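Below is one structure, written out as C-alpha cells; comments come after it.
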Amino acid sequence: MSKKPQPESLMMSHGYKPELSEGAIKPPIFQTSTFTFKTAEEGKAFFEVAYGLREQSEGEEQGLIYSRINNPNLEILEDRLTLWDEAEECAVFESGMSAISTVFLEFLKPGDLLLVSAPLYGGSDHFVSKILPTFGIHTAAFHVGQSQREIMDIVEASGMADRLAMIHIETPANPTNDLIDIAGCRAVADHFSTPEKRVRLAVDNTYLGPLWQHPLKHGADLVIYSATKYIGGHSDVIAGACLGSKPLIKRVKVLRTFLGNMAGPWTGWLLMRSLETLKARMDLQATNAERVAEMLNNHPKVGRVYYLGNLTEQKDPDQYRIREEQCLSNGAMLSFDIDGGEPAAFRFLNALRLIKLAVSLGSTESLAEHPATMTHADVDEAVKANLNITASMLRLSVGVENWRDLCDDIEQALAKA
Ligand SMILES: *Cc1c(COP(=O)(O)O)cnc(C)c1O
C-alpha cells in the first residue's frame, strides 16, 4: 500500500480532471456566469440538490448551475484547501471579512451571546462591536492569559450564559503573538453546551494557517482564513475561506449563495496558483523570521521581541505549553519594541529600503508597520497599554527575500532610528 501524499504534493493536481478541459495541464479560468444543462431533466436534478429539495444519491455531485452557486475554479480550490486542515469541506469568499461575517450571520441569532478573544483583527472587531448589536446579538470578550475558569466567569457574569452560541478566537493574537489555548476554548464551549445546543468554536487561523496550526484537530468547529495573507501570499488578491464539517459548511454555503459574496473565478484561479508554492514560501518565511528574530534579540536598540520562538518553559510556562500543543512552527510574524518611542519607530520605518512600509502580512515581500498608529489605531488607549501595543512597537511580516539582506536592511534602519 502506498502512503497518502502530503498536501504540498497534491496542490498541482487535486480535484482537477484535465480530460474535462481539453487536456489543459492547468485549470482554465471558467469566466462564465452560467452553465448549460445537457437536458431539462439534468437541470431539474441539479436544482433539487442545490436547494436541498431531496437527499443527494450515492456518488451524485452537485452539478454546475450558475457562478453565484458554484464554479469549477472555486470547487477545485475548495477541494485543495481542505487537505491542509483535513477538513470535510471548504467555502471560499471574496474576502476574509466576508468569510467571518457570513459565519457570524449564519450561526448567531437575535438574543444570542458571542464570546470573543481580544484583541481581534480590526475588521472583525468592528463587525462584532458595531454591526452585530444592530441584529440584537450580544458580545463578551476575554483577554489572552485568562484562565479557563476566568473565561467561564466572564460568560456567567454576562447573565446570558444560556444564550452563548459561539466562541470566536484569533491565535496568535495580532500584533503581540500571544497564544490562546484552542482545546481550552473547546472545554469552555462544551461546558456551556446542552444536548439541544452545541456552542460552536470558530478560530481565525490567518496568522499560522493553513500549514502551522490545525484548529479542527484541537476541537474547533470552524476554521476561518483571510486568504489575502499566506494563502494568496503575493499581495495581489483579497479572498477568504471557511472550513469545517459538511453539515456546517453546507449552511455557510447556502447563506453565501444568498449574500452573493462567493469568490469570483479569477480569484479562485489566482489562489490555486498560490497554493502550489504555499509550503515552499511559508517554510522559507519561517526560517527567515528565525534569523531576523535572532538578530533583533541581540540588538542594543531593541527591547522585547514578540516572537513565538522566544517563549521559554521557565519564563512563560503557560504560553510555552500552548505553543508545544498547537503550533507546528514559530511562524513568520514578529513584533519588537524599539528604544525611543514613536519618533524612533518612525525614523526606523522611513529608513527601511528593501522592506516595504505597509499593513497586511504573509506575502512574499517583507512588510513593516507601526501597530499603535496604523493597524491598531482605533483600539482603546487603555486596552492598547494593557496589551503592550505601545508607541515603541513595530510589526514585521517576514517574506522570502535572502535573510542576510533582510537583516542588513533592519540593521541600517535601526542605526538611523
Ligand atoms: C486580514 C485579516 C482579516 C480580514 O481579511 P480580508 O481578506 O482583508 O477581508 C481577518 N483576520 C485576520 C487575522 C487578518 O489578518
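Because the structure is predicted, anything quoted here is derived from the model rather than measured. Counting starts at 1 for both ligands and their atoms, in listed order.
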Query raised in the report: If you measure only the distance, is there a donor-acceptor pair under 3.5 Å linking the side chains of Glu94 and Asn261?
Result: no
Please give the N or O to N or O pairs under 3.5 Å between ligand 1 and the protein, distances rounded to 0.1 Å.
residue  : atom   : partner : partner atom : Å
ligand 1 : 5 (O)  : Ser226  : OG           : 3.0
ligand 1 : 7 (O)  : Gly96   : N            : 2.9
ligand 1 : 7 (O)  : Ser226  : OG           : 2.9
ligand 1 : 7 (O)  : Thr228  : OG1          : 2.6
ligand 1 : 9 (O)  : Gly96   : N            : 3.0
ligand 1 : 9 (O)  : Met97   : N            : 2.8
ligand 1 : 11 (N) : Asp204  : OD2          : 2.7
ligand 1 : 15 (O) : Lys229  : NZ           : 2.7

Table please: side-chain donor-acceptor pairs of residues 122-142 below 3.5 Å, with sequence neighbours left out.
residue : atom : partner : partner atom : Å
Ser129  : OG   : Asp125  : O            : 2.8
Thr134  : OG1  : Ile131  : O            : 2.6

Query - Results of ring-ring contact (aromatic ring centres under 6.0 Å, His included) for Phe47 - residues two or more places apart only - result: Tyr51
Requested in this report: With sequence neighbours excluded, give me every ring pair (Phe, Tyr, Trp, His ring centres under 6.0 Å) pair touching residues 198-229.
Outcome: Trp212-Tyr230
Query raised in the report: Do Tyr306 and Phe336 have their ring centres less than 6.0 Å from each other?
Result: no
Query raised in the report: Using a distance-only test with no angle check, is there a side-chain donor-acceptor pair under 3.5 angstrom linking Arg304 and Asn310?
Result: no
